[in-house]
There are 2 protein chains.
Amino acid sequence: MSNLKIGALARQTGTNAPTIRYYEEIGLLGSVGRQAGNQRVYSDTDVRRLTFIRRCREFGFSIDQVRALVALVQDPASSCVHARDLAQEHLIAVRAKLTELKALERSIAAFVANCDASCAGGAGPDCVILEDLTKGRTQTRNTSGGRCSKTSACS
Amino acid sequence: MSNLKIGALARQTGTNAPTIRYYEEIGLLGSVGRQAGNQRVYSDTDVRRLTFIRRCREFGFSIDQVRALVALVQDPASSCVHARDLAQEHLIAVRAKLTELKALERSIAAFVANCDASCAGGAGPDCVILEDLTKGRTQTRNTSGGRCSKTSACS
DNA sequence: CCTACATCCTCAAGTAACTTTAGGTTCAAG
DNA sequence: CTTGAACCTAAAGTTACTTGAGGATGTAGG
């Protein structure tokens, strides 16, 4: 019953105002009340609903998944076990992404380390590290055999 | 000098043919030769270049960053230290994302665990776990106090 | 040589989840 | 009563592609 305008709702939920309008447009927020001057008015219910939506989005759920979750919360006949299952499914995806990202982190770190070790100041076209990228996986290479090393720069 | 057609190049580099055409369109692949019948022909140089691009993309570099890296490799006056710096910058972003994702994983896992512990079979609207999502951070709650628990389902 | 059929071509539109821009109205303060 | 912040709608832009339509070309078998 706080009767917020869109700016206040935006601040309370950490959402941009256009995003809030967008959520309304795609039917995530249901119908919203209006003031005399056609400006949107939001209630506590709306605050809770948008908070829920934002949290789900932070959790990495897609808009469609959030739509399902919102329906779930609204529907008296639904079971929260369903929500659990959605979350479980999503957890698996997150863990896969996590694994990928870890591998990525190692690769880039290795790339940077290789640059530091064997390619300081070398020229682009002859750089052995850049060359690696055009071939197989970037991997730790022996620092001594490079064409451009600290002791023999290639430019 | 292998004179590949787009399909072969696609297979060799793990790229869809339309994506290759798209890269050409946005200027990532430069100008490509054509056969008599107007079909694209690719050389070993193209294979290397596309491989480089794909690897960079796998590394999570944006198209614009890849464009910079490609220019870097092409430019005889450039230094590979520049590439290192781009990578270093990207590494920081990846690590930030990694941290976020780890927190996310913990949150979702906690959510699922909470569901299992205190909300099995409960109805959506009354589910304390779903309710959590509309409030503060999801956190470990005491399993005994929930309104819908294994021993007292709420539907 | 002719017929399938795979592969290629271009151009246009679709995708997710918003953000940005343009041009105009309304509200709150002084 | 005026000024400036906040609001409104509608449309286009963003990223990195993917998908689809409709037609041309290349190749293998008969």
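Note on naming: letters A, B, ... go to the chains in the order of the sequence lines (proteins, then strands), and numbering restarts at 1 for each one.
Atom CD in A:Glu25 sits roughly 13 Å away from atom P in C:dT19 (whole-Å rounding). Between the CZ atom of B:Arg34 and the C1' atom of C:dT7 there is a distance of 14 Å, rounded to whole Å. Between the P atom of C:dC18 and the CG atom of A:Leu50 lies a distance of 11 Å, rounded to the nearest Å. Residue A:Ile26 contributes atom CD1, which lies 12 Å from atom P of C:dT19 at whole-angstrom precision. Rounded to a whole Å, the CG atom of B:Leu9 is 10 Å from the P atom of C:dC8. Atom pair A:Glu58:CD and C:dA17:P shows a separation of 15 Å (rounding to whole Å applied). Atom CD1 in B:Ile20 sits about 13 Å away from atom C1' in C:dT7, given to the nearest Å.
In this structure, the side chain of A:Arg95 does not engage the main chain of A:Thr99 through any donor-acceptor pair within 3.5 Å. Without hydrogens or angle criteria, B:Thr13 side chain to B:Leu9 main chain gives a donor-acceptor distance under 3.5 Å. For the pair A:Arg67 (side chain) and A:Ile26 (backbone), a donor-acceptor distance under 3.5 Å is present. A side-chain donor-acceptor contact under 3.5 Å links A:Gln65 to the backbone of A:Ser62. Remark: side-chain polar atoms of A:Arg49 are paired, donor with acceptor, to backbone N or O of A:Leu28 under 3.5 angstrom.
When each of B:Asn38 and B:Arg57 is assigned the nucleotide of DNA chain D bearing its nearest heavy atom, the one mapping closer to the 5' terminus is B:Arg57. The residue among B:Arg40 and A:Ile63 whose nearest nucleotide of DNA chain C lies closer to the 5′ end is B:Arg40.
Bounding nucleotides for the chain A contact on DNA chain D, 5' to 3', at a heavy-atom distance below 4.0 Å, are D:dC7 to D:dT9.
Donor-acceptor pairing under 3.5 Å is recorded for the side chains of B:Arg54 and B:Tyr23.
Side chain of B:Gln39, nearest nucleotide from C:dT10, C:dC8, C:dT19: C:dC8.
Side-chain N/O atoms of A:Tyr22 include none lying less than 4.0 angstrom from OP1 or OP2 on C:dA16. Residue B:Arg21 places no side-chain N or O under 4.0 Å from the OP1 or OP2 atom of C:dC11. Between A:Asn16 and C:dC18 there is no side-chain N or O to OP1 or OP2 distance below 4.0 Å.
Hydrophobic clustering (side-chain heavy atoms under 4.5 Å, transitive across Ile, Leu, Val, Met, Phe, Trp, Tyr) keeps B:Val41 apart from B:Ile6.
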